[in-house]
2 protein chains.
Amino acid sequence: MASVSPGQLSPPAATRTGSTREELLIAAERVFARHGFAGASLDEVAEQVGIRRPSLLHHFRSKRELYDAVERRIFEELNAHLTGLEAEGAPFERLMTLLNQWLTFMVERPTAARIILRNSSDLISRPADPVEFSWRTVETFVRLVEEGIAAGAFRPIKPVVALNILGSAVLSFVCNADQFGHRRRYDATGRAERAEFESALRRAAWGVLAPA
Amino acid sequence: MASVSPGQLSPPAATRTGSTREELLIAAERVFARHGFAGASLDEVAEQVGIRRPSLLHHFRSKRELYDAVERRIFEELNAHLTGLEAEGAPFERLMTLLNQWLTFMVERPTAARIILRNSSDLISRPADPVEFSWRTVETFVRLVEEGIAAGAFRPIKPVVALNILGSAVLSFVCNADQFGHRRRYDATGRAERAEFESALRRAAWGVLAPA
DNA sequence: CCTACCGATCGGTAGG
DNA sequence: CCTACCGATCGGTAGG
């Protein structure tokens, strides 16, 4: 399967690291994040890897399949990034650990944040169940909230209400850095900006969840 | 300009209320909300009004111009929907008035919520300044926060941080009703659901803004 | 991994 | 307001 065709250029990835499939997923995440599913073109993805579209379609049989693989990969790596949630800490601290790990992941990977946020605004992107890939992420959050309620540490709130407020805040912080006009632009990767947001997010979470 | 062509059917809008331009804007908002800018087709918009695409392009010279008109209309009507903000109430109550009016508007007009939320995930949709249409809405929120800070009623927080958390919460509440899987589906127009969200949003806002 | 090709759909224009 | 048409681009396939 090793290619020996002479016309191989592969300008983007110097020294050709990783498998072609992996390179395609990375390029596709970038392209889907920028243009959305409908606006993305397979030609652009293939070009970034230095191959042609039919070769891409040898690895992924359709645009939908490529998109699904990108999304699955994002949530797998997000979940793999989580640690310390099973510990015996206080429910609120465990929830903030989760939120801060989400935040770290999204800040370092804004393409993922864009793709996940778009899931909220795209009605029909998912043919079947919209949680096909995100359910584990959602369940982790919901479980922490439910355990906190059961322990009397949180008020009895519907977990998705808290998720709507706190989860979308993380995504918006990352995605909106350039969306409020040049006068209000900020750097989501900046230390001070992150610290201010993290502390505001913590206070929001406490307001939402603190027992009455 | 009154059309007398015999092939006129106009099945969607019975009794032909409103101008064609107005009908096009309504249909376009629905189509753009569902498919996004790239995924929307002018044929679908025209068909919903009972005309052909070239006739649509007589009213709006391009897809971009149509989209811009939809977005401008949304923010105009959102701003027109606001009342009681100049009153002499406490800063926090004025801010909650604003947020609750946003919430009412978005719940009653989920197509607008979807289009605005997509502005966060679409990087390149706006050629020039991303706040071309939303700046007045953003400024209203920012001003209320700044006045609250000046009055000592709020802690000194960067207004966009509060906007990221509280504004996106409103949009997510409306847009995510069906995005957490059928087991966690909710009705964003329901009285109880709204009441629970509104109270959680208020507590989140207080957590974010309350003086240290 | 490629070239060559397919049908479908797109936004937009010409002209009346 | 229409029909007819334009070039461009799309996802996907054939075949090697």
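Reminder, nothing fancy here: chain letters follow the sequence lines and each chain counts from 1. As the structure is a prediction and not an experimental result, all values here were calculated from the model.
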Taking Watson-Crick and G-U wobble contacts under 3.5 angstrom, with | marking pairs to another strand and [ ] crossing pairs, the secondary structure of DNA chain C is written ||||||||||||||||

Of all residues at least two apart in sequence or in a different chain, which pass the salt bridge (charged side-chain N to carboxylate O under 4.0 Å, His left out) check with A:R53?
-> A:D43

Produce the list of close N/O pairs, under 3.5 Å, pairing protein atoms with atoms of nucleotides 12-14 of chain D; give distances to one decimal.
residue: D:dG12; atom: OP2; partner: A:K63; partner atom: N; Å: 2.6
residue: D:dG12; atom: N7; partner: A:R53; partner atom: NH1; Å: 2.4
residue: D:dG12; atom: O6; partner: A:R53; partner atom: NH1; Å: 2.7
residue: D:dG12; atom: O6; partner: A:R53; partner atom: NH2; Å: 3.4

Excluding sequence neighbours, so at least two apart, what forms side chain to side chain donor-acceptor pair (under 3.5 Å) with A:T104?
-> A:R194

Among residues two or more places apart or on two chains, list those pairs meeting ring pair (Phe, Tyr, Trp, His ring centres under 6.0 Å) that have a residue in residues 175-196 of chain B.
-> B:F173-B:Y186

ring-ring contact (aromatic ring centres under 6.0 Å, His included) partners of A:F75, counting only residues at least two apart = none

Partners of B:R136 by side-chain contact (heavy atoms from CB on, under 4.5 Å), sequence neighbours excluded?
-> B:N79

What pairs with A:E147 under side chain to side chain donor-acceptor pair (under 3.5 Å), at least two apart in sequence or on another chain?
-> A:R94, A:R143

Interatomic distance, A:R52 CZ vs D:dG11 P [rounded to whole Å] | 16 Å

With sugar-phosphate meaning primed atoms plus P, OP1 and OP2, does A:S41 contact a base, only sugar-phosphate, or nothing at under 4.0 Å between heavy atoms?
-> sugar-phosphate

For B:F92, enumerate each residue passing the ring-ring contact (aromatic ring centres under 6.0 Å, His included) test, keeping only those at least two apart in sequence or located in another chain.
-> B:W206

Once you round to the nearest 0.5 Å, how far does CG of B:L163 lie from CG of B:L144?
-> 11.5 Å

